[in-house]
Colleague: 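The following block contains the structure, expressed as structure tokens.
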Amino acid sequence: MSFLALERLEKRYPDGFHAVRGIDLAVERGEFIVLLGPSGCGKTTTLRMVAGLEEATAGTIRLDGGDVTRLRPSQRDVGMVFQFYALYPHLSVRANLLFPLENTGLAKMQREVRVDDIAAALGVTHLLERFPRQLPGGDQQRISLGRALVRQPRLWLMDEPLGTLDSDRREELREVIRAQQLQHGVTTLYVTHDQEEAMTLADRIVVMDQGVIRQAGTPSEVYESPADLFTAAFVGSPGMNRIDGLVTGGVCAPLGLPVALPDGPVVLGVRPEYLHPDDAGPLRGVVVMDEYLGAWRNLHLDCPCGRLVMRLPPGAAHRPGDAVGLRVDPAHVLCFAPGDGRRLA
Amino acid sequence: MAGMPGTGGTRMLAWSFVGPALLLLIAFNLFPLAWNIVLSFTNADLSGGTWEWVGGRNYATIFSDKSFAAKYGAALRTTALFTVLAVAIELALGFALALALRRDFRGKTPLLAVLLLPMMLSPAVMGLFWNLILEGTYGPLNQILGLAGLSQPAWRTEFKLLCLLLVDVWMWTPFMMLIALAGLNAIPAQLYEAAEIDRTPAWRVFARITLPLCAPLLGLAVLLRATDALKQFDLVMAITGPNDQATQTVSALLYQTTFANQKVGLGAAYAIVVLVGVIAVATLFTRYLDWMAARQGREG
Amino acid sequence: MRGLAVLRWSLLGVYAALAAAPLLLLLLTSFKSPADATSLDLKVLPLAGSASPHAFAPTLDGYAGLAGGGEGTAQPFWSYFLSSAIIGVCSTIAAVALGTCCAYGFSRFRIAGAKDWLFFILSTRFMPPLAVVAPVLVMYRQMELQNTHLGLILLYTVFNLSLAVWLMKGFIDEIPKAYEEAALVDGYSRIQAFVRIIVPQARTGMAVTAVFCLIAAWNEYGFALTLNNQRGVTVPVYFAGLQGNISGVPWPQVAAGVLVSVLPIMVFTLLIRRHLLRGVTFGTIKQ
Amino acid sequence: MSAALAIRGLTKRFGAVQALTGVDLDLAADELLVLLGPTGAGKTTLLRCIAGLEAPDAGSITLGGVDAVGLSPAQRDVALVFQNFSLYPDWTVGENIAFPLRAPGRAMGADAIRERVAWAARMLRLTDYLDRPASRLSGGQMQRVAIGRAIVRRPRLFLMDEPLTNLDAKLRESLRVELAVLRRELKTPMLYVTHDQAEALSMGDRVAVLDGGRILQQGEPRAVYERPVSPAVARLVGLPRINLLPAEDAGGGWTAGGVAIVPRAAGDPAGRCLLGIRPEDLRLAGGSAPAEVQLVEHLGAALLVTLRWAGMQVQALVGKDAAVRRGDTVHPAADPGRTHRWSAAD
């Protein structure tokens, strides 16, 4: 039996907004799960239902074998990190870290030791006597992580903890979070809209959109084998290219690939790294933008079949307006249904 | 150049925003105050006739003349007692009501309207009307007490300061409640969510989060109410008149001295004495508020 | 938890009843005859022809009495009401306008000694009006402002300014600076940006501030009593005049006058009630 | 054609904080210059000095050949897009976009304004939203409106202060391309401030790297990436971050942690150096010393491998078909021509 289980979980707000439309998810002990999706997809609502901050309209949440759906947040023994830190502004960093321990039976000495330990692990020992408002965002979020961890809860919940930080701090803190999670082996549910964060942190990614789970899988599963067009486009930077195709007699235009599909329209998906420049290739496009990114470049092309992006080594630049021919890796073309975007082959 | 920060132009612009208000405040506060200081060394009266310098005689009267000193001291004590009691009751009651009103429920809006109404009424007039309510024989309060078989005290002759307190509390508790409610509403919900997740019991949430976060605002509300209570005049005039020993506040005594007895110079000297005291207390209090704000690492 | 809820509801219930009782009595009294108002049988049932000793025949005499002069008052109620309206509205507008400008200045510019100025502004509230009323009286006699509307308008503006500045500063501090800066870069001057951007953004704050200023100006008594004794006298002074009535205070007339005079403030407050709760934190709690 | 913007010796101090120190910067007409730096580097201060929202303590700012110090923001005719959108929430999209055109100095007719607003809305695909209140837009739409407000008056210079930072990652990516293409069509010079090195490299005609109030390096993105003048620049540009290893000259070759990494080349500093190897330039085979694979992160098109190599932690970016797992032992090697060497004093 899994450590955390969401069963047909649903949330409908009084104003009629259906934020979460019946999701099922099983999380194993010690797993790092990332809920990934655009704003408004229901990922934060799901997290808050697990925390007990929102009441589920329907469905069940099981934690460590017990039904916690109707329990108050304080009865669930979880720790949570908020996007905007939610540190107590009138308390020093030390008092913020001590706060969750005040409600445990720990002796004063033990509490102090716990706080010192977690502060050392997060590298905030020198900040203990300061107040949150005096600290930059990165440090505030470190302390917020510490506050969620110091009680050693059985579940760690994080709501876009890196969302307001700049890229340097984000990368640092990502490593801190991963290291702490591995060290304590605490089961973690992490919400983000940043697919790169999801890819690097997660044991499994749960892609959400419009209140439903589109796909749950390891980063490479989600990336290489997306279950639908939404996941294909959302995961990856940039997302998967989408080419409208037509199957006639087992051959798919415009790429001329053999496919085992009935006749009719189809949407083909190709990752940017599986497109290659080839003047004899089946597609031609005009360069819109050549994005140099250091280790590689993204070439944006306008083709008759739409806008395509090709990932190239950082060689010579293309000028806007240049014509480029391209071919695809047949082994890496995926087929999706045009209507609901479901994966076909 | 208009709008260029850090230049002479900006300084001009900045002062043109704050200047008019400051000028007006100076003209109507510092100027009369200075004049008052001058008057306090004279024997001026209200008729606007001639006056002459009397040196520190007015001050000497206030501090050492037997009959006067007792009177002035009593007025100060009455005012202090009234202020402390009124503000303390209003703070406790107002904050308790705000806590009770914090969550939404059906009928909250009309209830709030009723609760806030006393604050909008004129103290001078409502003080007058309370005379009817508190009247010993036909006053509704005693009639109700009588119907309930309880004793019917002569409120307006035996418990004058209590009457004053009662009406002040009735009128100004809503003000404290309003400010406290605004403060409670402004506390970010996430702080409560974090505390709830950390298994903090309700009383500790109140003691460690709600109270300290509201404290600076409550402090300011106390300051505003206290400054009003120290000036208490309207209710005294309406309920007992300015010359009743039981309720003679500083303002009432000032009125009595300056207008009824027409001793402008003496009144001016007393006003200066009172002001020095009030400003000392208020300065201490605002320093305390500053200190509280600084403790939270908040600038400005 | 349950005990807390009981406590909460009983506190609200008891307090609401006690707070509302004088108001109810005020309403009932305004429809009574003077004799019923001071009857030894508490009259609470406005039923003409009822046999109950606690019933009374409602009458509009109290309201009608407001039109007459009456003993102890020089003019009919309505002339006082008009004075109150002119003085209240003008001084409120002036206090809010000056206070908003001043608060904006302190919020957005680096002004030398800003902290001390702000403390000075707050400290002007500590001053009892009666401590400065004698010099003001002398000053007003010189400038021929005694017994004028302008005299009281100026005084009330000044005495409301400190509250107005502090309240408005709380509001304006919360409006992002980028709003005006965008306008500056877009080709507007600082003053235009203030008028076009900040004033509309701060209007709820200005409404809240106006309520407090209006209440204070409408109900002020000390200055109104001592400075103006012929023309331009405000409503509170009218009632104080009734107090000296030889045949006893005309309670129904007092009650009717109170209700009529609180009406404008009540309406104004109701209009902005949604903002009232947000508005008065003076910026002490930042989100 | 005179430069759109020329800055010389710009210095600004806030109390004890030296925000900018002797900044020199030029922006050609029709150029997009990205100002890249971490939080607190002084980028926003520089932008605000150019816009006229801050007055510099020293130095000159010339806009299109005219001395701008002393001009009000309104007189400078530059457009500024803020990080947090700064739209007026009660106004509609159309009113927000039209706002700069209604400025007193411009005196445009109502028809001309309508036409311009329609044009800007078309450019940014906002035509359907013109009547909607700004408060009811998504973040991406809000920032497009803010950009619309900047382009509608056709200023002589665009200033962008981290315009994409507050948006979702996915939106950031697509708006990045949209904005660069739009700028190219408008042919208006742009100074773009960001802390995101991907934005800097991909959008800029040139990049200026700013840290601690000084410009550390400026040049074409590729030049800055491939030839960073200092380890500080190398760390600021490029993600995953460059590996920096303290190395010693062990007679003809550089060794770090006792491992020979690359041979000495002409022009290398003597004695000790800081050796920089970009993760994509570190291969996992062919080297002499073994390294343990500590972590393999899936970045989509590539794998980021974290290695423990002779006591040092290094990262390598490899193709995703590489068969490498946590705990494997590999023999990393760097291409000598693609490493960077700075004297250790830097």
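So that the names make sense, note that chain A is the first sequence line, chain B the second, and so on, each numbered from 1. All values reported here derive from a predicted model rather than from experimental measurement.
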Colleague: Checking heavy atoms, do the side chain of D/L167, its backbone, both or neither come under 4.5 Å from chain A?
Modeller: backbone
Colleague: Got a sec: does the CD of A/Q210 have more than 12 other heavy atoms crowding it under 6.0 Å?
Modeller: no
Colleague: Just so I know, are the side chains of D/L239 and A/E171 near enough to count as touching, which here means a heavy-atom distance under 4.5 Å?
Modeller: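 A side-chain contact under 4.5 Å exists here.
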Colleague: Which bit of A/F234 is near chain D, if near means a heavy-atom gap under 4.5 Å: side chain, backbone, both or neither?
Modeller: both
Colleague: Which atoms of D/L317 are under 4.5 Å from chain A, going by heavy atoms: the side chain, the backbone, both sets, or neither?
Modeller: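 The side chain, not the backbone.
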Colleague: Output yes when a side-chain donor or acceptor of D/D168 lies under 3.5 Å from a complementary backbone atom of A/S39, and no otherwise.
Modeller: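 Yes, because the side chain of D/D168 sits within donor-acceptor range (under 3.5 Å) of the backbone of A/S39.
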Colleague: Between D/R278 and chain A, with a heavy-atom cut-off of 4.5 Å, which part of the residue counts as in contact: side chain, backbone, both or neither?
Modeller: neither
Colleague: Looking at D/S202, is its backbone amide N or carbonyl O close enough to the side chain of A/R297 to form a donor-acceptor pair, meaning the two atoms are under 3.5 Å apart?
Modeller: no
Colleague: Might you point out which heavy atoms bring A/V288 and D/R184 nearest each other, and give the distance in Å?
Modeller: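 For A/V288 versus D/R184, the nearest heavy atoms are O-NH2, 2.5 Å.
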Colleague: Given a strict heavy-atom distance threshold of 4.5 Å, which part of D/R235 is in contact with chain A: side chain, backbone, both, or neither?
Modeller: neither
Colleague: Can you tell me how far apart CD (A/E175) and CD (D/E297) are? Round to the nearest 0.5 Å.
Modeller: 7.5 Å
Colleague: Please identify, among D/E199, D/Q197, D/R172, D/R176, the residue contributing the most non-hydrogen atom pairs under 4.5 Å to chain A.
Modeller: D/R176
Colleague: Measure the acute angle between the ring planes of D/Y225 and A/Y292, then classify it against the limits of 30° and 60° as parallel, tilted or perpendicular.
Modeller: perpendicular
Colleague: How long is the gap from CG on D/L295 to CG on A/L182, to the nearest 0.5 Å?
Modeller: 8.0 Å
Colleague: Does any N or O in the side chain of D/R222 come within less than 3.5 Å of the main-chain N or O of A/P314, such that one atom is a donor and the other an acceptor?
Modeller: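 A pair under 3.5 Å: yes.
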Colleague: Quick check on the interface: out of A/H300, A/E160, A/M199, A/R311, who has the most heavy-atom pairs with chain D under 4.5 Å?
Modeller: A/M199
Colleague: Let me confirm one number: the CG-OG1 distance from D/L299 to A/T200, rounded to the nearest 0.5 Å.
Modeller: 7.0 Å
Colleague: Locate the shortest heavy-atom distance separating A/P238 from D/E173; write the atom from each residue and the value.
Modeller: CA-OE1, 3.2 Å
Colleague: Heavy atoms only: give me the nearest D/A180-A/M289 pair and the separation to one decimal.
Modeller: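 What the structure gives for the nearest pair is CB-CE, 3.4 Å.
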Colleague: Is there a side-chain contact between A/H193 and D/K170 (heavy atoms, below 4.5 Å)?
Modeller: no
Colleague: Which one wins on heavy-atom pair count under 4.5 Å against chain A: D/A302, D/G300, D/S174, D/A169?
Modeller: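 The answer is D/G300.
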Colleague: Quick check on A/A233 against chain D: is it the side chain, the backbone, both or neither that has a heavy atom closer than 4.5 Å?
Modeller: backbone
Colleague: Of all the heavy-atom pairs spanning D/H298 and A/P219, show the shortest one and how long it is.
Modeller: CB-CB, 4.2 Å
Colleague: Select, from D/E226, D/R241, D/E162, the one with the greatest count of heavy-atom pairs under 4.5 Å involving chain A.
Modeller: D/R241
Colleague: Heavy-atom distance under 4.5 Å between the side chains of A/Y223 and D/K320, does that happen here?
Modeller: yes
Colleague: More than 12 non-hydrogen atoms from neighbouring residues, nucleotides or ligands closer than 6.0 Å to CD on D/Q294, yes or no?
Modeller: yes
Colleague: Between A/R169, A/E197, A/R271, A/E224, which has the largest tally of heavy atom pairs under 4.5 Å with chain D?
Modeller: A/E224
